[in-house]
Amino acid sequence: MLDVRILREAPDRLEEGLRRRGLTIDIASLAGRERRRRDLSGQVDEFKARRNRASAEIAQLKKAGQPAEALLGEMKSAAERIRSLDEEIGGLEREIWDAFLTIPNLPHPGVPTGSDERGNREVRRFGESRLGGTARPHWEVGERLGIVDFERASKIAGARFSVFIGAGARLERALIDFMLDLHTREFGYTEVSPPLLVNRESLVGTGQLPKFEEELFKVEGGSLFLIPTAEVPVTNLHRDEILDEGSLPRAYAAYTPCFRREAGAYGRDTRGLIRQHQFDKVELVRISRPEESYNELERLVSHAEEVLKRLDLPYRVVELCTGDLGFSAAKTYDIEVWMQGQGEGGAYREISSCSNCEAFQARRASIRYRPAGKKGTEFVHTLNGSGLAVGRTVAAILENFQSEDGSVAVPKALRDYMGGMDSIRKKT
RNA sequence: GGAGAGAUGGCCGAGCUGGUUGAAGGCGCCUGACUCGAAAUCAGGUGUGGGGGCAACUCCACCGGGGGUUCGAAUCCCUCUCUCUCCGCCA
């Protein structure tokens with residue numbers, strides 16, 4: 001959430017930021033309500049001050065055994081006034097608050113303006129396709145090997161689910177271990193294993209609610225939701241906390257399954273592992289001082305990239321334009337892995353998304369710290385990124401490491417995690 | 001699931017027969033004095049958010065969340081959430 005004060009201090013900046021995202025909202029009306037709220041709030045504060053003074057007097061009079069009827073009567077009418085003012089203020093506050101909960105973060109000034117993914121900017125590439133030409137899509141590779149089964153998954157659960165079997169399941173587990181080990185041992189992340197069900201407050205804190213409820217699975221008979229990403233429970237670890245400055249930056253790595261309705265994606269990626277209702281992900285979350293957060297973002301991306309480098313998977317890093325930016329993000333890098341089996345001759349597909357949310361989530365979730373030498377508290381900046389999406393990594397390995405004979409080589413970095421297995425072959 | 005107890009400042013912990021209690025006391029932390037230095041001791045300070053003011057400062061709100069009673073609520077009532085104890089059930 002943005003700071004409401006932007007309405008009176010920098011409405012132009014608000015309008016400009018939203019315009020770059022392709023949004024227009026009635027800022028003047030909101031600003032008017034904020035002015036009115038502030039005005040009434042000043043008035044009611046005065047009434048309350050008077051009431052507090054009178055209360056002390058009444059206490060004195062009663063103590064001295066003197067009559068206080070005159071004051072009592074006077075305060076009775078003041079109480080009425082206070083009540084009605086408070087009511088109006090409360091209404092205005094709710095309106096403004098509700099509006100702000102649905103206003104996205106403002107893009108960082110350096111983010112390119114654009115309306116959709118065509119406006120994104122490629123930042124760098126790494127690696128080259130090892131195969132070239134056309135290759136089988138991962139669902140074919142996986143099904144032929146008998147390590148991924150979509151048909152049985154849909155029997156068990158429905159469309160957009162998959163089952164890993166045998167070496168497929170082992171590969172998935174190996175990737176999770178490999179990623180967590182890399183991030184915790186080499187990059188200093190603290191491993192977290194959070195709840196997979198979270199309450200409303202947590203989802204409001206990171207920005208999924210109130211606006212994107214239709215994307216979430218809600219548990220029947222309760223008020224809990226399945227997490228769409230570990231970003232939710234992990235960032236909310238520190239909701240309503242004031243962190244020690246010395247403990248920043250904090251870095252967490254969490255492996256969790258993620259659950260998404262994919263409500264707006266009817267025709268897209270209907271085959272394969274790319275878009276599932278349930279998928280595994282190793283998520284990275286960093287919490288930093290505001291002045292450090294853009295350095296932290298570069299660090300975060302480099303950590304996610306390192307996974308792909310060690311797996312010998314080619315990729316590129318793309319900076320999202322304003323129109324492609326997520327709700328809570330001020331700046332986002334997507335990492336797109338090369339997938340040899342997609343389309344004609346391969347394609348880059350998103351495998352990680354690394355964002356700096358600046359104070360947007362921190363303000364919603366009230367995560368602060370005490371800056372040394374300054375009075376008071378300040379909101380931290382929160383960052384998150386996939387490090388990486390496991391299902392898509394499996395898919396990328398199947399497509400990029402497939403051989404003519406249908407087998408799939410195991411990337412070197414993964415072999416120890418696979419019990420020494422160097423390739424996945426069909427069981428005979 | 002049944003019965004009971006409780007949620008107060010960074011922590012522990014009073015207050016809960018409604019009226020200088022933003023909140024005693026202790027611990028912790030910060031500053032000063034003492035000391036070559038430290039410990040100990042002594043003195044002072046030490047919540048968050050919002051409004052006004054250049055500032056000193058001042059006003060308002062906040063004692064788990066929400067609502068109510070009252071001139072006035074940490075204190076009374078309702079409700080929700082969470083925690084603890086005992087019983088039952090269970091990975």
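Note on naming: letters A, B, ... go to the chains in the order of the sequence lines (proteins, then strands), and numbering restarts at 1 for each one.
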Measuring only the P atom in each nucleotide, how far is B/C89 from B/A14? A whole number of Å is fine. 36 Å
Between A/R200 (CZ) and B/G66 (C1'), how many Å, whole number? 16 Å
For atom C1', what is the distance between B/C86 and B/G15, given to the nearest Å? 29 Å
Sort out the partner of B/C54 for me: Watson-Crick or G-U wobble, both distances under 3.5 Å, none otherwise. none
Complementary nucleotide of B/A23, counting Watson-Crick and G-U pairs under 3.5 Å: none
At under 4.0 Å between heavy atoms, what does A/A54 touch on the DNA or RNA strands: base, sugar-phosphate, or nothing? nothing
Min side-chain heavy-atom separation A/Y252-A/L284 under 4.5 Å: no
From the options B/C71, B/U48, B/U69, select the nucleotide whose nearest atom is closest to the side chain of A/R370. B/U48
Give a yes or no on this: more than 12 heavy atoms of other residues, nucleotides or ligands lie within 6.0 Å of atom CD of A/E378. yes
d(CD1, A/I58; C1', B/A73) in whole Å: 14 Å
Hey, does A/R81 reach any base, or is it just sugar-phosphate, or nothing, if we go heavy atoms under 4.0 Å? nothing
Using a strict 4.0 Å threshold on nitrogen-to-oxygen distance, state whether A/R8 and A/E34 make a salt bridge. yes
From CG of A/D39 over to P of B/G52, roughly how many Å is that when rounded to an integer? 11 Å
Paired with B/U69: which nucleotide, if any, by Watson-Crick or G-U wobble criteria at under 3.5 Å for both distances? none
Heavy-atom nearest nucleotide on RNA chain B for A/V44 versus A/R368: which residue maps closer to 5'? A/R368
What is the ring orientation for A/H183 with A/Y189, classed by angle as parallel under 30°, tilted 30 to 60°, or perpendicular over 60°? perpendicular
How long is the line joining CG of A/N52 and P of B/U20, in whole Å? 11 Å
What's A/R53 touching, base or sugar-phosphate or nothing? Going by heavy atoms closer than 4.0 Å. nothing
Rounded to the Å, how far apart are A/K76 NZ and B/U69 P? 11 Å
Check every atom of B/G19, B/G52, B/A61 against the side chain of A/R51 and return the nucleotide holding the closest atom. B/A61
Just checking A/A56: base, sugar-phosphate only, or nothing, at a heavy-atom cut-off of under 4.0 Å? nothing
I need the CG-C1' distance between A/D45 and B/G49, as an integer number of Å. 12 Å
Nearest-angstrom distance, C1' atom, B/C63 to B/G13: 13 Å
Contact nearer the 5' end of RNA chain B, comparing A/E46 with A/R37: A/R37
Spacing of the P atoms in B/A43 and B/G26 (rounded, Å): 11 Å
Taking a pair as Watson-Crick or G-U wobble with both distances under 3.5 Å, which nucleotide is matched to B/A61? B/U48
Is it true that A/R81 and A/E46 have a side-chain N and a carboxylate O under 4.0 angstrom from each other? no
If you only use heavy atoms from C-beta on, which nucleotide in B/G19, B/U48, B/G50 is closest to the side chain of A/R5? B/G50
Determine the Euclidean distance between corresponding P atoms of B/G10 and B/G4; express it in Å to zero decimal places. 33 Å
Side-chain N or O of A/T377 closer than 4.0 Å to phosphate OP1/OP2 of B/U48: no
Need the pair for B/U83. Rule: Watson-Crick or G-U wobble, both distances under 3.5 Å, any strand; none if unpaired. B/A5
Pairing partner of B/U17, by Watson-Crick or G-U wobble and under 3.5 Å for both distances, is none
Pick the C1' atom in B/C12 and in B/A7, then give their distance to the nearest Å. 15 Å
How far does the C1' atom of B/G68 sit from the matching atom of B/A5, given to the nearest Å? 25 Å
Could you tell me the separation between the CD atom of A/E201 and the C1' atom of B/G64, rounded to a whole number of Å? 13 Å
Under 3.5 Å on both distances, the Watson-Crick or G-U partner of B/A43: B/U31
Is a side-chain donor-acceptor pair under 3.5 Å present for A/S202 with A/N199? yes
Quote, to the nearest angstrom, the C1' distance that separates B/G66 from B/A55. 40 Å
Under a plain distance cut-off of 3.5 Å, with no hydrogens placed, do A/S29 and A/R33 share a side-chain donor-acceptor pair? yes
Starting at atom CH2 of A/W97, determine the distance to atom C1' of B/G49, rounded to an integer number of angstrom. 11 Å
So which nucleotide does B/C89 pair with, by the Watson-Crick or G-U wobble rule with both distances under 3.5 Å? none
So, applying side-chain contact (heavy atoms from CB on, under 4.5 Å) with A/F225, which one of A/V219, A/V232, A/L209 is it? A/L209
